[in-house]
Amino acid sequence: MNAADRFLNCVIKRSDSDSLFRVGAILMLIVLAPLAVVFIMFRILIPGSGLMDTGVTLVAWTAVLYVLYLEVKGLNSHCARDSEWMSSLAAYARSCGRGTDEMDSLAESASMAGIGRMMQATKYTFIAFAVANTSMAAFTSSYDVGSLTHTVLSWAATAMIVAELVLTSAYILKAVSKHDSEQCEFTSMFVEDMGDVIGFKSPMVTDVTKAKSDLPPHILLLVVTLGIYSLFFNLFVVHRMNLHVSCQWAYEEGLLEAIAKAEAATDVRRIERSRKRSAVLKDMMS
């Protein structure tokens, strides 16, 4: 498969790797975490309700962890596709006799390997805490551990929810901003070298690149709101992820059309290779 066909497949199979984050998952995050706090207050005001608030808080904690895992997984899958996305374009430029050392360097960026490691860490963290939360819930429901233990567990779980929201959101914000900047820089190099060949001279420019990714304003809001802002911080970060993906989708369609014209392609043909669907650009002379 030549480089142009590699890029074509990367684009037409993007739904296998890319997705705009589901609103339902975010709503679950927004509803369950505050609900845990409400039950804690209920516990304080009404003696004897400790079992209820502990169970709800542990369930909320596990749900939030799962949502954060899905967010990191989505980022990781998209970055893995973009590695092939950039590699195929670099190979296409190389096939046209262009030097691609800088483009190859960005395609093999260490930040992508770092995202893969973060994915594994998030996965194992979720599994470990899910098991621990289930065990704690079973233990506290089976034995009379006292109201103080219930209260401590509930407040500790709530604090961990906030901490994990903040840390994961901060990581995703930085990772998305860096990745977006690298990809926009890559397209600038690509169109500078290949613009005359394919008749497409526009680099990818997104609102993510234009916007700042400074953490201090978010940290200030987290302090002022005693952690409540962590929910909205996560929503802001997910919006950044969705914005990058949607901007890239629009850009790559125009770029693919330009490459197809340069290759004198008239249509796209699907082929079967080892049970995996692929596609090739059909030349006018074929």
A.B. asks: Just to verify, what does Glu84 make a side chain to side chain donor-acceptor pair (under 3.5 Å) with, not counting sequence neighbours?
C.D. replies: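 Result, side chain to side chain donor-acceptor pair (under 3.5 Å) vs Glu84: Arg6.
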A.B. asks: Judged by atom type as modelled, is there a donor-acceptor pair below 3.5 Å linking the side chain of Ser230 to the main-chain atoms of Gly227?
C.D. replies: yes
A.B. asks: Students often mix this up, so state it plainly: with edges at 30° and 60°, are the rings of Trp85 and Tyr251 parallel, tilted or perpendicular?
C.D. replies: tilted
A.B. asks: CG/Leu165 to CD1/Ile228 distance, rounded to the nearest 0.5 angstrom?
C.D. replies: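 If I round to the nearest 0.5 Å, the distance is 12.5 Å.
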A.B. asks: Do Val237 and Val176 have side-chain heavy atoms sitting under 4.5 Å apart?
C.D. replies: no
A.B. asks: Between atom CG of Asp16 and atom CG of Asn9, what is the distance when rounded to the nearest 0.5 Å?
C.D. replies: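 Between atom CG of Asp16 and atom CG of Asn9 there are 10.5 Å.
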A.B. asks: With rounding to the nearest 0.5 angstrom, report the OG1 to CZ distance, Thr168 to Phe233.
C.D. replies: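 If I round to the nearest 0.5 Å, the distance is 10.0 Å.
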A.B. asks: Rounded to the nearest 0.5 Å, how far apart are CG of Leu75 and NE2 of His244?
C.D. replies: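 One finds 8.5 Å between CG of Leu75 and NE2 of His244.
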A.B. asks: Starting at OH of Tyr229, measure out to CD1 of Ile219 and round the result to the nearest 0.5 Å.
C.D. replies: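 The distance works out to 11.0 Å.
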A.B. asks: Between Phe200 and Phe190, is the ring centroid distance below 6.0 Å?
C.D. replies: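 Between Phe190 and Phe200, which both carry aromatic rings, the centre distance is not below 6.0 Å.
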A.B. asks: I'd like to know if the side chain of Asn242 reaches the main chain of Phe21, judged simply by a donor and an acceptor atom lying under 3.5 Å from each other, with no hydrogens or angles considered.
C.D. replies: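 Yes.
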A.B. asks: Would you check if the distance from the ring center of Phe236 to the ring center of His218 is below 6.0 Å?
C.D. replies: yes
A.B. asks: Before accepting this row, confirm whether a basic side-chain N of the pair Glu252/Arg81 lies closer than 4.0 Å to the acidic partner's carboxylate O.
C.D. replies: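 Answer for the salt bridge query: yes.
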A.B. asks: Is any side-chain heavy atom of Asp193 closer than 4.5 Å to one of Met103?
C.D. replies: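 A side-chain contact exists here, since the closest heavy-atom pair is under 4.5 Å.
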A.B. asks: CG/Leu231 to OG/Ser169 distance, rounded to the nearest 0.5 angstrom?
C.D. replies: 9.0 Å
A.B. asks: Same hydrophobic cluster for Leu215 and Leu220, using side-chain heavy-atom links shorter than 4.5 Å among ILVMFWY?
C.D. replies: no
A.B. asks: Look at the side chain of Ser246 and the backbone N and O of Leu243, then say whether any donor-acceptor pair between them is shorter than 3.5 Å.
C.D. replies: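 Pair found, side chain donor or acceptor close to backbone of Leu243.
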A.B. asks: What pair of heavy atoms forms the shortest contact from Ala3 to Ser88, and how long is it?
C.D. replies: CB-O, 3.6 Å
A.B. asks: For the pair Ser105 (side chain) and Asp101 (backbone), establish whether a donor and an acceptor sit closer than 3.5 Å, ignoring hydrogens and angles.
C.D. replies: no
A.B. asks: Find out whether Leu255 and Ile198 are in side-chain contact, i.e. whether some heavy atom of one side chain is under 4.5 Å from a heavy atom of the other.
C.D. replies: yes
A.B. asks: Show the numbers, then the answer: is there a side-chain contact (heavy atoms from CB on, under 4.5 Å) between Trp249 and Asp18?
C.D. replies: CA-CA 10 Å; Trp249 284 356; Asp18 295 358; 3.2 Å; yes
A.B. asks: Verify the cluster assignment for Leu167 and Val162: are they in a single hydrophobic cluster under the rule of side-chain heavy atoms below 4.5 Å apart?
C.D. replies: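 No, Leu167 and Val162 fall in different hydrophobic clusters.
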A.B. asks: Could you check whether any side-chain N or O of Ser83 sits under 3.5 Å from a backbone N or O of Cys79, counting only pairs where one atom can act as donor and the other as acceptor?
C.D. replies: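 Not confirmed, Ser83 side chain does not pair with Cys79 backbone.
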A.B. asks: Could you check whether atom CD of Glu253 has more than 12 heavy atoms from other residues, nucleotides or ligands sitting under 6.0 Å from it?
C.D. replies: yes
A.B. asks: Kindly say whether Ser177 contributes a backbone atom to a donor-acceptor pair with the side chain of Ser181 at under 3.5 angstrom?
C.D. replies: no
A.B. asks: Which atom pair, heavy atoms only, marks the closest approach of Glu71 to Met241?
C.D. replies: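 Here Glu71 and Met241 meet closest at O-CE, 3.5 Å.
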A.B. asks: Under the side-chain contact (heavy atoms from CB on, under 4.5 Å) criterion, do His239 and Leu235 qualify, and how do the steps go?
C.D. replies: CA-CA 6 Å; His239 171 69; Leu235 282 175; over 6 Å; no
A.B. asks: May I have the step-by-step check of side-chain contact (heavy atoms from CB on, under 4.5 Å) for Leu106 and Glu185, ending in yes or no?
C.D. replies: CA-CA 9 Å; Leu106 283 175; Glu185 182 182 355; 4.1 Å; yes
A.B. asks: Run the numbers on His179 and His78 for side-chain contact (heavy atoms from CB on, under 4.5 Å), then give the verdict.
C.D. replies: CA-CA 10 Å; His179 177 71; His78 175 74; 4.0 Å; yes
A.B. asks: Ignoring hydrogens and angles, write down the donor-acceptor pairs under 3.5 Å from the side chains of residues 89-97, residues two or more places apart or on other chains.
C.D. replies:
unit_1, atom_1, unit_2, atom_2, d
Tyr92, OH, Glu263, OE2, 2.8
Arg94, NH1, Thr100, OG1, 2.7
Arg94, NH1, Asp104, OD1, 3.2
Arg94, NH1, Asp104, OD2, 3.2
Ser95, OG, Tyr92, O, 2.6

